[in-house]
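Each remark here refers to the structure printed beneath this line.
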Protein chains: 2
Amino acid sequence: MASLHEVARRANVSIATVSRVLNKSDKVLPQTRAAVEQALRELNYHPNRVARRLRMKAGRTQLVGLIIPDFQNPFYAEIARGVEDVAYANDYALLLCNSDENPAKERFYLNVLCAEAVDGIVLPPFDERNVEVNDVIKSGIPVVCVDRSLAKVPTDLVEVDNYRGAFEAVTHLIEKGHRRIGLIEGRPHISTNRERRRGYLDAHVAAGLTAPDDLMRAGDLRMESGRAVTAELITLPNPPTALFVGNNLMAVGALAALRQHGRRVPQDVAVVGFDDLPWAEALDPPLTTVRQPAYDVGRQAMELLLKRIAEPDRPPVTVRLMPQLVVRRSS
Amino acid sequence: MASLHEVARRANVSIATVSRVLNKSDKVLPQTRAAVEQALRELNYHPNRVARRLRMKAGRTQLVGLIIPDFQNPFYAEIARGVEDVAYANDYALLLCNSDENPAKERFYLNVLCAEAVDGIVLPPFDERNVEVNDVIKSGIPVVCVDRSLAKVPTDLVEVDNYRGAFEAVTHLIEKGHRRIGLIEGRPHISTNRERRRGYLDAHVAAGLTAPDDLMRAGDLRMESGRAVTAELITLPNPPTALFVGNNLMAVGALAALRQHGRRVPQDVAVVGFDDLPWAEALDPPLTTVRQPAYDVGRQAMELLLKRIAEPDRPPVTVRLMPQLVVRRSS
DNA sequence: TTGTACGCGTTATCAC
DNA sequence: GTGATAACGCGTACAA
């Protein structure tokens, strides 16, 4: 908790000199430097990041923000981990915010991040025409979008080819002989969801089929909602023989509902989920999923952010990563 | 990004008056207040939290730190969720740090939190005699420990009765007829681990048995390590008929190893894990666990922290929560 | 009731 | 090479 002043006093120099030593400016005599460094050690000095941020122009505050919808979802936790690893490796701290798919929370945290003068923000935008985020971008704070994109404003973006992931997953089910494939999707106004739906539909078209429009439902991405929607679908007069589920947690819920209703997986109903899970292999039955490279998404997003912080005027970049269908025993 | 000055100029008042309006001080004429509030709105003013923190004495910065070992572990994620919910409800933002059970990272983040002048810190200490944390406490920043305790220094603490949880879990296995019960524990110098080991041993004693000392192993709390240690144990000449596994991820790893080696659960080897999982029910087989009230741990910790921030001199409190054995099909 | 002025701990721009 | 000193944006004694 020692300040520059105290260090300066102890070393019999001015605070300016101490600051110079700290910031590796070489315009200081070796002997002065030695004296200062000793005082620094003796007082166990650590710079006050708050004062530093107040003084600094943007871009050197060693703090970035990450807003994710739900850090209890392993997919987002893995993204966060990728971001954190790169941040830590670059001496950056992370202000991690949980938006809960709640616009009010997203707004609150966006405000906090701006008011904290972070160097930059990583986030999957709540929806495609996100006014709040657009304002932040306009204000000049570097923003990197992950997972989902923004409709109007060009930003750095790390995304996964959701269309292709969905297309392959549904094609896989069709090849297994399924003709009544249910879709449990997430919120409609998110780019990823739209892409997955498009993949679902196109896979049918490509196989010369028409998608069963009585079997499409939306959930809220949580386990419980996967369970509820599945229960609804399988008790239909003309139920699906397979389910393509729009995220990991809902897929686990679907498995639970099927077990509860005595349906065998995959014999009665096959299931393919989106987003892999670390324990997908350990589920009953092991879950077939479209695996997204979430860690890489986070890693590359943070790297992009660091580049943009260093060079604010470079043109926005889009990194597109490929998902991978991992066939296990649920399909 | 408007500052107090700009608002003041627009409203034809001094910055002091604007500040008073913002801080709800009532010593301001209604008409002045109205003018200021209009300017505030027109400029879309948001206070700069950095400047505010620099000026403020501790305790009113609306920022707290949370250091957890691994936010990819659902147990810690749930704690974090409890903390976050209470923080958000009180307009606090959370500086969330992932220490990775790595002392260097813990030190780094502890420094960051101090240098960021947070109002307080919630954390499970890396080990019982944690020098770094003790220094922080001495420096006066309120600290609430969760899950694990500190040996020497009294702090607010929210813990779970790990002894009892382990005792009940192992007793359950003994009652099922098991006599060769393996223990896969975590790091030795953590209070929770010691308590669980004690529960494991005492359960044997209480049943008039001696714990098999050739069946105790330590893992690193991650899935892969649970898999490896289990593989080692079950290929012993005289293998265990049951496993008590010290955390959730290692238990999933244990299940994987058993499946891989063709052991049936629970017929060949029964498994009980510590820490519940949201999808424990969906595993193959559904995993018997000692469920910890992780969300409540986080919630109460943050509430304790808020109380201490408001009243720094109150005597430290320990909240002890009860775990619950959830018997599923793996035992 | 309102305004002036100081200080929080830095960094950066001047002089010397 | 080094030392004053002016910001950064805010809250608050103190003066008016």
Side-chain angles (χ1 to χ4, degrees), chain A residues 1-37 39-40 43-63 111-112 114-119 139-140, chain B residues 1-37 39-40 43-63 111-112 114-119 139-140:
Chain A
M1 299 289 111
S3 76
L4 268 192
H5 281 95
E6 306 175 49
V7 176
R9 189 142 38 89
R10 189 178 193 96
N12 279 319
V13 296
S14 72
I15 60 166
T17 302
V18 180
S19 182
R20 269 190 281 266
V21 170
L22 287 169
N23 297 314
K24 314 275 179 228
S25 160
D26 11 23
K27 308 230 176 191
V28 43
L29 280 183
Q31 61 212 43
T32 320
R33 151 159 289 145
V36 170
E37 279 171 346
L40 249 19
L43 291 172
N44 188 28
Y45 172 83
H46 289 280
N48 181 322
R49 293 172 58 109
V50 182
R52 164 179 258 260
R53 277 230 296 296
L54 183 59
R55 188 60 178 76
M56 288 297 218
K57 296 286 155 236
R60 299 170 51 192
T61 73
Q62 308 290 84
L63 182 69
N111 268 331
V112 169
C114 292
E116 287 288 351
V118 295
D119 281 350
S139 85
Chain B
M1 302 295 110
S3 76
L4 269 192
H5 281 95
E6 306 175 49
V7 176
R9 189 142 37 89
R10 188 177 193 98
N12 278 320
V13 295
S14 73
I15 61 166
T17 302
V18 180
S19 181
R20 271 190 279 265
V21 170
L22 287 169
N23 298 312
K24 312 276 180 226
S25 160
D26 7 26
K27 309 233 176 190
V28 45
L29 281 182
Q31 62 213 41
T32 321
R33 153 159 288 145
V36 170
E37 279 171 346
L40 248 20
L43 291 171
N44 187 29
Y45 173 83
H46 289 280
N48 180 322
R49 292 172 59 107
V50 181
R52 182 195 201 99
R53 276 228 297 296
L54 185 57
R55 182 63 177 75
M56 289 297 215
K57 296 285 155 237
R60 301 171 53 192
T61 73
Q62 307 292 85
L63 183 68
N111 267 332
V112 168
C114 292
E116 287 289 352
V118 295
D119 281 350
S139 86

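Heavy atoms only, all atoms of each residue included: A117(A) and V50(B) are closest at CB-CG2, 4.1 Å. Nearest heavy-atom pair across V28(A) and T17(A) is CG2-CG2, 4.4 Å. Between N48(A) and A115(B), the shortest heavy-atom distance links the atoms OD1-O, 3.5 Å. The heavy-atom pair separating A8(A) from S14(A) by the smallest distance is CB-C, 3.7 Å. R53(A) and T61(A) make their closest contact through CD-CB, 2.9 Å (heavy atoms, listed as atom of the first residue, atom of the second, distance).
Nucleotides of DNA chain C that come within less than 4.0 Å of any heavy atom of chain A span, from the 5' end to the 3' end, dG9(C) to dA12(C).
The salt bridge (charged side-chain N to carboxylate O under 4.0 Å, His left out) check on R49(A) picks up E116(B), with sequence neighbours excluded.
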query = Can you give one letter per nucleotide of nucleotides 8-16 of chain D, 5' to 3': B if a protein heavy atom sits under 4.0 Å from the base, S if only from the sugar-phosphate, - if neither?
reply = BBBBB----
message = Applying side chain to side chain contact (heavy atoms under 4.5 Å, CB included) to Y45(A) and L22(A), what does each step give before you reach the verdict?
response = CA-CA 10 Å; Y45(A) 172 83; L22(A) 287 169; 3.5 Å; yes
